[in-house]
Amino acid sequence: MDKKVSMLQLMLVLLVVFLFITLTDISLIFGAVLLPFAVYFLVDLKHRSNYHFWLTFISFLIPAVLLLAPDAWLWFVVLYIVAAVVHGTLKKEVSQELTIFYVTSALMLGIIGGLNLLQGLGFIQPLSNIYLDFRNWYMDQIEMYGTLASSTFDADLIRASMDQIFINLPAYVTVISFMLALYTVLMQRVLLKSSSIKLWNYRSFKDWAFPRFILYLFLILFIVSFLTTEGTATQSTIGNVLLVLEWALYLHGLSFSYFFFREKNLNMVLSIILLIPLAILRPLTLLIGIFEMIFRLRALLLMKRK
């Protein structure tokens, strides 16, 4: 049942949404920092009144489409999608881990789908054209400094690295979406702590354990990647999926490392400090995650505890 929404509360929500759109249009970093706060106000509004939640959406959407740049109202739509997903997980009392997955999916699909829609409708240039313009400009800057650049950089290597990053753009969007989803969900725990909304149940990071099929899928795609033709759509797709799976295995390795430190009765602060170099040394932590899944080290330690 909808609760009473005061005019002051409604105006505050409109102000926060306006700030989010404005700052995101200036810099995506500003928008990322402000996202959890904008989501908090929208979730609180939706909890009080679903009618006013969608009323603010329609009130902003029409002028945003008419007056703002396409990318600005794309972030606005993504904001409301994320807020609706977060509210839905709270209402259905799903776990925090599953909430992070849902929010990651909402961000990833919203951004990639929105960009494809804007390209298809002709509101923005194809991303490939934007990338080629940027790459040509960047390579021109390197060539402009001739001797200095040639003694320090390999222009062909830089060009190939930039091309690979662009090819793997969907995977990087997914990884960034996960980080943003994690930040957003954790911030909701802080912001909603004093409210009447029941928060998600959650497990400690040391208990995060990804299913073993991720390793099987990673190994299968890794082998298949050697059998595909370079530069094809199939290879690009496999490369993107492999990158996402690598990050899942990396998180699994980081989680197991924290679990191992705590099992050895290390102080929590010391355990977190020891995680810092592992978080930086991603290839090492990735291997830890792979070995843990192969040999089920977590299960062995738990059996030994018993």
Side-chain angles (χ1 to χ4, degrees), residues 36 39-40 43 82 85-108 171 174-193 195 197-219 241-306:
V39 168
Y40 161 72
V43 167
V82 171
V85 169
V86 170
H87 179 267
T89 60
L90 287 166
K91 188 176 180 180
K92 294 180 180 179
E93 299 182 359
V94 303
S95 68
Q96 180 170 288
E97 293 74 27
L98 196 55
T99 298
I100 293 173
F101 170 77
Y102 286 148
V103 175
T104 299
S105 300
L107 282 167
M108 183 267 293
T174 303
V175 172
I176 294 172
S177 296
F178 169 78
M179 295 178 179
L180 193 54
L182 180 63
Y183 164 59
T184 300
V185 171
L186 293 180
M187 282 299 296
Q188 299 313 299
R189 297 199 73 91
V190 177
L191 297 171
L192 292 168
K193 189 175 181 179
S195 72
I197 302 176
K198 183 180 179 181
L199 296 174
W200 313 277
N201 294 321
Y202 72 99
R203 291 181 293 178
S204 171
F205 179 65
K206 69 182 180 66
D207 296 321
W208 283 28
F210 288 85
R212 208 177 188 190
F213 84 85
I214 287 180
L215 175 63
Y216 298 146
L217 183 59
F218 173 79
L219 294 176
V241 176
L242 276 174
L243 185 57
V244 174
L245 293 175
E246 282 181 10
W247 275 91
L249 291 170
Y250 162 77
L251 287 173
H252 185 82
L254 204 60
S255 169
F256 171 73
S257 300
Y258 184 49
F259 169 83
F260 178 80
F261 297 149
R262 299 298 291 153
E263 281 293 301
K264 296 303 179 181
N265 297 318
L266 294 182
N267 180 272
M268 181 181 293
V269 176
L270 178 59
S271 298
I272 294 175
I273 291 175
L274 291 174
L275 283 181
I276 295 176
L278 289 176
I280 297 173
L281 299 173
R282 182 170 169 270
L284 174 61
T285 309
L286 176 63
L287 287 176
I288 292 174
I290 292 174
F291 280 121
E292 197 288 322
M293 282 194 176
I294 293 174
F295 299 107
R296 298 183 180 274
L297 302 178
R298 186 191 299 265
L300 292 175
L301 289 173
L302 290 173
M303 290 177 61
K304 186 178 179 180
R305 185 205 296 176
K306 297 177 180 180

Give a yes or no on whether the backbone of [Y] and the side-chain of [X] come within a donor-acceptor separation of less than 3.5 Å.
| X | Y | answer |
| --- | --- | --- |
| Ser255 | Trp208 | yes |
| Arg212 | Ile294 | yes |
| Gln188 | Pro36 | yes |
| Thr285 | Gly253 | no |

Distance from [X] atom [atom1] to [Y] atom [atom2], nearest 0.5 Å?
| X | Y | atom1 | atom2 | value |
| --- | --- | --- | --- | --- |
| Leu217 | Leu242 | CG | CG | 8.0 Å |
| Tyr202 | Ile100 | OH | CD1 | 12.0 Å |
| Leu286 | Leu251 | CG | CG | 10.5 Å |
| Thr99 | Asn201 | OG1 | CG | 10.0 Å |
| Leu90 | Ile197 | CG | CD1 | 6.0 Å |
| Asp207 | Glu97 | CG | CD | 9.0 Å |

Non-hydrogen side-chain atoms of [X] and [Y] separated by less than 4.5 Å:
| X | Y | answer |
| --- | --- | --- |
| Leu180 | Tyr183 | yes |
| Leu278 | Phe261 | yes |
| Thr89 | Val103 | no |

Under the criterion side chain to side chain contact (heavy atoms under 4.5 Å, CB included), I'd like the reasoning laid out for Glu246 against Leu249: C-alpha separation, chi angles, the key distance, then a yes or no.
CA-CA 5 Å; Glu246 282 181 10; Leu249 291 170; 5.7 Å; no
What are the two closest heavy atoms between [X] and [Y], and how far apart are they?
| X | Y | result |
| --- | --- | --- |
| Ala106 | Val85 | CB-CG2, 3.9 Å |
| Met293 | Phe210 | CE-O, 3.5 Å |
| Phe178 | Thr104 | CA-OG1, 3.4 Å |
| Trp200 | Ser95 | CB-C, 4.0 Å |
| Arg262 | Met268 | NH1-N, 3.2 Å |
| Ala279 | Tyr250 | O-OH, 2.7 Å |

Taking it one step at a time, do Phe260 and Ile288 satisfy side chain to side chain contact (heavy atoms under 4.5 Å, CB included)?
CA-CA 11 Å; Phe260 178 80; Ile288 292 174; over 6 Å; no
Can you tell me if Phe291 has over 12 outside heavy atoms packed within less than 6.0 Å of its CZ?
no
Would you please name every residue forming a side chain to side chain donor-acceptor pair (under 3.5 Å) with [X], sequence neighbours left out?
| X | answer |
| --- | --- |
| Arg296 | none |
| Trp247 | none |
| Glu263 | Arg305 |

